[in-house]
Amino acid sequence: MDFCNELNGKHNAITKVTFEKESKIDEIRYRAFYGNLLTTVTIPGSITSIGDDAFNCDTLTSATIQRAKGKNFQISSTSFGTVTPTYQP
């Protein structure tokens with residue numbers, strides 16, 4: 001089943017997500033930004049966990065994850081749908 005079809009072409013209105021440089025956010029949970037109109041996203045080093053389908057069914061073309069040294073990091077295989085994220089140290 002293609003879960004994105006459940007949207008029937010009706011995406012939510014979020015087109016941009018910005019994480020503040022000193023953000024205290026450390027996780028992005030299940031379907032947090034699911035089904036929006038995001039095209040790119042950069043995940044800061046403060047994030048240590050990205051849940052299932054967090055950015056799935058968006059219009060993503062790229063995702064970048066900035067990894068913080070010494071932090072464990074968890075990501076679901078479905079976090080970004082069909083987009084494979086790139087990692088930056």
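- Closest approach of T64 and Q88 over heavy atoms only: CG2-CD, 3.5 Å.
- Only one option out of D58, D53, V41 pairs with F80 in a side chain to side chain contact (heavy atoms under 4.5 Å, CB included); it is V41.
- Note: S79 OG to D52 CG = 6.5 Å, rounded to the nearest 0.5 Å.
- When every heavy atom of A68 is checked against every heavy atom of G45, the shortest pair comes out as CB-O, 3.4 Å.
- Across every non-hydrogen atom of V83 and P85, the tightest pair is O-CD, 3.5 Å.
- If you chain together hydrophobic residues whose side chains sit under 4.5 Å apart, Y30 and I25 never meet in one group.
- Under the 4.5 Å side-chain heavy-atom criterion for Ile, Leu, Val, Met, Phe, Trp and Tyr, L37 and I43 are members of distinct hydrophobic clusters.
- Distance alone, capped at 3.5 Å, places no donor-acceptor pair between the T48 side chain and the N72 backbone.
- In the hydrophobic clustering of ILVMFWY residues, with side-chain heavy atoms under 4.5 Å counting as a link, Y34 and I28 come out apart.
- Shown here for T42 and F19, the closest heavy-atom pair between the two residues is O-CD1, 3.5 Å.
- Applying the side chain to side chain contact (heavy atoms under 4.5 Å, CB included) rule to I14 yields the partners V17, F33, N36, L38; only residues at least two apart in sequence or on another chain are considered.
- Minimum interatomic distance between A54 and R29 (heavy atoms only, all atoms of both residues): CB-O, 3.8 Å.
- In this structure, the side chain of T61 engages the main chain of T39 through a donor-acceptor pair within 3.5 Å.
- No more than 12 heavy-atom neighbours from other residues, nucleotides or ligands sit within 6.0 angstrom of CD on Q74.
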